[in-house]
Amino acid sequence: MAYYDFKNIEAKWQKKWEEEKSFKTVEDESKEKYYVLEMFPYPSGKLHMGHVRNYSIGDVVARYKHMAGFNVLHPMGYDSFGLPAENAAIKNGVEPAKWTWGNIAEMNVQLRRLGLSYDWDREVATSHPEYYKWMQWIFIQFYKKGLAYKKENPVNWCPSCATVLANEQVVDGCCERCGSVVGKKSLSQWYFKITDYADRLLDNLDTMDGWPNKVKIMQKNWIGRSTGAEVDFKVKDLDKVFTVFTTRVDTIFGTTFMVIAPEHPEVENLIKGTEYEEAVRAYIEEASHKNDIERTSTVGEKTGVFTGRYAINPFTEKEIPIYVTDYVLMGYGTGIVMGVPGHDQRDFDFAKKFDLPIVPVVDPGDPEIDVNNLQAACAAEGTLINSGEYNGMNNKVAIEKLTELVEEKGIGKKSINYRLRDWLISRQRYWGTPIPMIYCEHCGWVPEKEENLPVILPTDVEFTGKGESPIATSKTFVDTVCPVCGQPAKREIDTMDTFLDSSWYFLRYCDARNTEEAFSFEKVKYWMNVDQYIGGVEHAILHLMYARFFQMALYDLGLVTTEEPFKNLLTQGMVIKDGKKMSKSIGNVVSPDEIISKYGADTARLFILFAAPPERELDWSDAGVEGSYRFLNRVFRLVDELEDVIKGAGGAYEIKTSADKDLAYQLNATIKKVTEDAGGRFNFNTAISSIMELVNEIYRYKENKDINAELLKAAVEDLIRVLSPFTPHICEEMWEKLGHTNSVYTESWPTYEESALVKDEIEIVIQINGKLKEKLNVANGLTKDELEKLVMDRDNTKQLIGEKTVVKVISVPGKLVNIVVK
RNA sequence: GCCGGGGUGGCGGAAUUGGCAGACGCCCGGGACUUAAAAUCCCGUGAGAUUUUAUCUCGUACCGGUUCGACCCCGGUCCCCGGCACCA
C-alpha cells in the first residue's frame with residue numbers, strides 16, 4: 001500500500017510546476033481577468049507564520065478563481081529597500097545589496113516550498129535598478145505636477161543615531177532602533193502633497209464596499225476632516241488680526257481668553273520689548289525641548305504663560321488675555337485657538353489653572369448639570385444663553401447662523417481642517433531609492449533628466465551609523481551638472497521612504513519586465529483593479545492610504561484608468577500562540593520551515609486555513625496541525641484504496657440506493673459550500689470542514705455491500721478538485737494516481753445540482769412554547785398547512801400538549817412547528 | 001477619554017443573519033486490531049439531576065426588554081483586543 005510521502009510528493013510537483021511554468025499568465029481579452037494580490041514581504045530572509053497565512057489565503061483564492069475559469073494574475077515580489085539591510089551593513093560590514101539579494105534568494109526557496117501558484121516571471125524587487133528607475137520617474141512626474149516639494153519643518157530626530165525618523169519609526173516616543181528618546185529638529189525635507197487629496201481619499205471610502213468597515217473608519221479618522229469656521233480677533237494696541245479655527249462658533253460668546261502655539265511666528269510680535277518678553281521666551285524655550293513623551297504625559301495638566309496682550313472678542317467686544325501654551329498645535333488650524341472653558345475640556349483645565357472666567361453659553365437642559373457652576377466642560381448640545389440676541393437658539397442652528405454672520409461682517413469664513421499632514425518622504429538613509437533631484441545655485445532644485453534615469457545608488461560609501469546619510473561619503477555621487485544650465489550642481493543625498501516603493505508595485509506586476517515604461521497603459525487597463533488584496537491589518541492606514549494616493553495621482557496624470565487600486569480588501573488576523581503574539585523574547589515562535597519539514601506544506605496550509613476564519617486571530621496549536629496531517633493521510637488512503645474501483649468505473653452515475661442518494665447529497669452540498677466559502681465569503685475553515693464531512697461520508701459509503709463505482713468516482717474526483725486549492729501537492733498526486741495526465745489546476749471547478757440537495761424526507765422540529773420537544777421526519781415539500789395538520793393530528797403531539805389549551809400554532813415549512821399552549 | 005471589533009463546551013471554532021446551540025477538528029475516555037506499542041478503525045464526550053438503553057432541568061459574559069420563538073434585534077452593565085489620542 002502506498003503511503004503519504006509528502007516530502008517526495010511536494011518536491012515532485014513543485015519541480016513540475018516550475019519547469020512547466022504552470023502559473024504563467026498573459027493578457028487574454030477573451031477571458032474575464034481576476035487579479036489577486038498578497039502584500040509583498042520585506043526580505044528579512046526568514047518567512048514567518050504571518051506570511052504563510054497571508055499567502056495560503058491568496059493561493060486558495062487564486063487557484064479557485066483559475067479553476068472557475070478566470071484569467072488569474074497572481075504575482076509575488078519583494079519590498080527590498082529598508083533599514084535592516086543598512087543595520088546589517090553597520091553591524092557586520094556586509095553590503096546592503098549583497099545582504100538583500102542573499103535574503104531574497106533564501107525567501108524564494110521558502111516560498112516555493114509552500115507550493116504557491118505565482119507567476120514568477122513577474123517577480124519584482126524594489127531595490128533593483130530596473131524597479132527604482134521607474135520609482136524615480138514617477139517621483140519626477142509628481143514633482144512636475146506640483147505634488148512634491150521641499151520644505152523646512154520640525155521633524156523627529158534621534159540624537160543617538162543622528163538621523164531623521166519617520167513617525168512610524170517612533171515607538172512610544174523612542175527610536176525603534178536604539179531606544180533613545182526622540183526629539184524635534186528643524187530640517188529641510190521632501191514632502192508629497194497628500195493633503196490635496198484629502199477629500200477624495202475620504203469621500204471615495206463611502207463607495208468602497210469591498211473594504212472592511214474597520215479599515216475605512218481608521219482611514220477616516222486618520223484623515224480627520226472637521227468642518228468649522230475661521231474667525232478674526234483684533235489684537236488690542238497692535239495693528240493685527242488673529243484668526244482662529246473653531247468647530248464650535250456657537251460658543252464664541254463664551255470665549256474668555258485666547259491661546260497661541262509656542263512655535264507661532266506671531267508670538268515674537270506680541271512680546272517684543274515688553275516686560276513679558278523674558279518669561280514668554282523662557283516658556284517657549286522649555287516647550288521646544290519637550291519630547292513626545294513629556295508632552296503626552298502632561299495631557300490634562302495645562303501649562304502656559306501670559307503674553308501681556310489682549311484680543312477683542314468680536315461678539316462681546318470684551319478684552320480677552322492672550323496666552324502661549326503648548327496644548328495648541330502649530331500644525332493644525334491656524335495655531336491660535338479661542339478659549340471657551342465652559343464647553344471645551346482643555347480650555348476648562350486651562351481656565352482653572354490660570355483662574356480665568358468660565359462663561360457658560362450653551363445650556364443642555366440637563367437637570368443634573370448646573371451651568372453656572374460647571375465641574376467640567378459641557379460639550380453637549382443645547383440652547384444658547386449669555387449670547388446676546390442669540391439666546392434661546394438651538395446651538396446647531398447657531399453654528400449655521402453665526403458662520404453666515406461672520407462671513408457677512410467680513411471677519412471670518414467657513415473652513416475645513418484635516419488631521420492628515422503632508423507626507424514626509426525623504427530619509428537620511430542609504431538603502432532606498434535616491435531622490436532624483438539636483439540642486440543648482442542658479443536654477444534651484446531641478447529633476448534629473450528622464451533619459452539619465454536611474455540615478456544609481458553609489459557603492460563607494462561608508463556605513464558608520466553616525467552623521468548624515470552614508471551617501472554623503474560617496475566621492476562619485478554628489479557632484480554633477482545642472483540638467484538645465486549645465487553648471488556644476490549637487491545631487492540630493494536623501495533617499496525615498498520605502499512606503500513609496502510599495503505604493504505602486506501592483507501596477508508594475510501588470511508589466512514587470514517593461515524596460516521602456518513604468519508599465520504599459522494597456523496592460524494596466526486590462527489587469528487593474530486588484531480584485532482581491534490580502535494582507536495584515538497593520539497596514540490599514542499607512543500603506544493602504546499611500547497606495548490609494550499614488551493611484552489617484554497617477555490617474556490624474558492619465559497613466560492609469562482607475563482612481564482606486566484595490567476593489568476588495570481582506571485583512572487577515574495575526575498568528576498567535578498560547579494567547580500571545582509569536583515573538584523571540586517570549587520564545588513561542590513556530591518556524592514554518594520546521595512545520596513543513598515535519599508535516600509538509602499541504603498540512604501547514606490546511607491547518608492555517610482550517611483553524612480560524614481569515615480575519616480573526618489564529619491560535620497556533622501543534623495538536624491541531626497533527627489533526628490536519630491525519631486528515632490528509634486519511635484522504636490519501638481513501639484514494640489509494642479506491643484507486644482500482646475508480647479506474648474501472650464508467651461515466652455518469654445513477655442513483656440507485658438510499659445510500660447513493662446520501663452520498664450524492666453530501667457531494668453536492670460540499671461543492672456548494674466550498675464554492676460559496678472559497679469564492680465569496682472566504683470562510684475557508686467551514687469550507688474545509690465540509691470537505692471533511694464528505695470524506696467521512698465516502699468512508700461510510702464504501703463499507704456498503706453494493707457500491708456504485710461511477711458515483712464513487714465522481715465523489716472522489718470532485719473531492720480532489722475542491723480540495724486542490726487548499727492542498728495542491730497531494731491533490732495533484734492523487735489526481736495522477738487516478739490515471740489523469742493533466743494537472744488538477746487545469747480542471748474546471750465542479751458544479752452542483754440543486755436537485756441533489758433536495759431530500760425526500762426532512763427532519764423538522766416540534767416545539768411547545770418555543771422549547772424543543774421532538775424531532776420528526778416528514779416528507780419534503782409540505783405546505784405550511786399540511787405540515788401543521790400532520791403534526792397536530794399525531795398522537796405524540798396530543799400527548800405533548802396534554803391538558804393544556806392550544807393558543808396558536810406556528811408552522812414553518814422545512815423547519816419546525818411551534819405549538820403555543822396555556 | 002474617543003472610535004472600532006469581540007465575549008459560545010476542557011480548547012480552536014460552527015450556527016449563510018430570528019427557527020434543532022455546539023457542525024468540523026483538537027484534547028480526553030472506552031473499545032477493536034496487535035505479543036506489545038505506534039498507526040488505523042469504531043463508540044462516547046456542554047453542565048446537572050433522576051427511577052440512567054430513557055426522561056427532565058439549566059446553558060451562548062451579566063441584568064432587563066421585544067417575540068410564538070433570541071448567540072442573533074433593542075436598552076443597560078462588566079470584561080478583553082485593536083486603532084487614535086491636547087486636532088480646537
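The figures that follow rest on heavy atoms only: side chains count, while hydrogens, waters and symmetry mates do not. Just so it is clear: chains get the letters A, B, ... in the order the sequence lines come, proteins before strands, and each one is counted from 1.
At whole-Å resolution of the value, CD1 in A/Ile768 and C1' in B/C20 are 15 Å apart. A/Leu420 has its CG atom 16 Å from the C1' atom of B/A85, to the nearest Å. Atoms CG (A/Leu694) and P (B/A23) sit 19 Å apart, rounded to a whole Å. Spacing between atom CG of A/Leu329 and atom C1' of B/C86 amounts to 6 Å, rounded to whole angstrom units. Rounding to whole angstrom units, CZ of residue A/Phe245 and P of B/A88 are separated by 6 Å. A straight line from CG of A/Asp326 to P of B/A85 spans 17 Å, rounded to a whole angstrom. Taking atom NZ of A/Lys673 as the reference point, atom P of B/C24 lies 13 Å away to the nearest angstrom. Between A/Asn685 atom CG and B/U8 atom P the separation is 16 Å, expressed in whole Å.
At a threshold of 4.0 angstrom between heavy atoms, the contacts of A/Gly627 are confined to the sugar-phosphate backbone, with no base atom among them. Among the heavy atoms of the strands, none lies under 4.0 Å from A/Arg225. When heavy atoms are screened at a 4.0 angstrom cut-off, A/Val328 is found touching base atoms of the nucleic acid. Within the 4.0 angstrom heavy-atom criterion, no nucleotide atom of any strand lies near A/Ser621. Here A/Glu676 lies in heavy-atom contact (under 4.0 Å) with a base. When heavy atoms are screened at a 4.0 angstrom cut-off, A/Glu617 is found touching the sugar-phosphate backbone but no base atom.
Between B/C80 and B/A88, the distance separating the two P atoms is 29 Å to the nearest Å. Using P as the reference atom, B/G64 and B/C56 are 26 Å apart when rounded to the nearest Å. Of the P atoms belonging to B/A15 and B/C84, the separation is 31 Å, rounded to the nearest Å. Taking atom P in both B/G83 and B/C74, one finds a spacing of 27 Å when rounded to whole Å. The P atoms of B/G44 and B/G25 are separated by 13 Å, rounded to the nearest whole Å. Distance noted for atom P between B/G22 and B/C28: 24 Å (whole Å). Nucleotides B/U16 and B/C72, compared at atom P, are 13 Å apart to the nearest Å.
A donor atom on one side chain and an acceptor atom on the other are found under 3.5 Å apart for A/Asp349 and A/Gln345. Between the side chains of A/Trp211 and A/Asn213, no donor N or O sits under 3.5 Å from an acceptor N or O. Side-chain contact check for A/Asp640 and A/Tyr3: no donor-acceptor pair (N or O, by modelled atom type) lies under 3.5 Å. There is a side-chain donor-acceptor pair under 3.5 Å between A/Asp422 and A/Thr195.
Considering only the side chain of A/Lys815, B/G19 comes nearest among B/G19, B/G13, B/C41. Ranking B/C3, B/C68, B/C20 by closeness to the A/Ile217 side chain, first place goes to B/C3. Nearest to the side-chain atoms of A/Ala623 among the listed nucleotides B/G25, B/U40, B/C27 stands B/C27. Comparing B/A88, B/G19, B/G25 by their nearest atom to the side chain of A/Met692 picks out B/G25. Ranking B/A88, B/A14, B/G19 by closeness to the A/Arg616 side chain, first place goes to B/A14. Considering only the side chain of A/Asp619, B/G12 comes nearest among B/C27, B/A88, B/G12. Listed nucleotides: B/C20, B/C24, B/A88. Nearest to the side chain of A/Asp344: B/A88.
A donor-acceptor contact shorter than 3.5 Å is absent between the side chain of A/Arg419 and the backbone of A/Tyr332. Side chain of A/Asn780 to main chain of A/Ile762: no donor-acceptor pair is present (N/O by atom type, distance under 3.5 Å, no hydrogens or angles). Under the 3.5 Å distance criterion, the side-chain polar atoms of A/His539 are left unmatched by any main-chain donor or acceptor of A/Thr571. Between the side chain of A/Asp326 and the main chain of A/Pro262, no donor-acceptor pair closer than 3.5 Å is present.
A centroid separation of 6.0 Å or more is found between the aromatic rings of A/Phe610 and A/Phe631.
Contact check, A/Lys771 against B/C58: a side-chain N or O comes under 4.0 Å of OP1 or OP2. In terms of phosphate contacts, A/Lys808 brings a side-chain nitrogen or oxygen within less than 4.0 Å of OP1 or OP2 of B/C68. In this model, the phosphate group of B/A88 is not approached by any side-chain N or O of A/Tyr327 to a distance below 4.0 Å at OP1 or OP2. Distances shorter than 4.0 Å separate none of the side-chain N or O atoms of A/Thr686 from OP1 or OP2 on B/G13. Proximity of A/Arg419 to the phosphate of B/A85: a side-chain N or O atom is located under 4.0 Å from OP1 or OP2. Distances shown here put a side-chain N or O of A/Asn696 below 4.0 Å from the OP1 or OP2 atom of B/G25. The phosphate of B/A39 (OP1 or OP2) has no side-chain N or O of A/Arg630 nearer than 4.0 angstrom.
Nearest-nucleotide assignment on RNA chain B puts the 5′-proximal partner with A/Lys214, out of A/Ser226 and A/Lys214. Where A/Asn213 and A/Met218 meet RNA chain B, the nucleotide closest to each residue was compared, and A/Asn213 sits on the side nearer the 5' end.
Within the shown strands, B/G25 is the pairing partner of B/C11 under the Watson-Crick or G-U definition, both distances less than 3.5 Å. Using N1 to N3 plus N6-O4 or O6-N4 for Watson-Crick, or N1-O2 and O6-N3 for G-U wobble, each under 3.5 Å, B/A47 pairs with B/U57. With both pairing distances under 3.5 Å, B/C20 is matched to nothing as a Watson-Crick or G-U wobble pair. Of all nucleotides present, none satisfies the Watson-Crick or G-U wobble test against B/C86 with each distance under 3.5 Å.
With hydrogens and angles left out, the side chain of A/Lys302 and the base of B/C86 share a donor-acceptor pair within 3.5 Å. Applying the 3.5 Å distance criterion, the base of B/C20 shares a donor-acceptor pair with the side chain of A/Lys775.
B/G9 has its base syn relative to the sugar, with a glycosidic angle deviating from 0 by at most 90°. Base orientation of B/U17: syn, since the glycosidic angle falls within 90° of 0. An anti base is found at B/U40: its glycosidic angle is more than 90° from 0.
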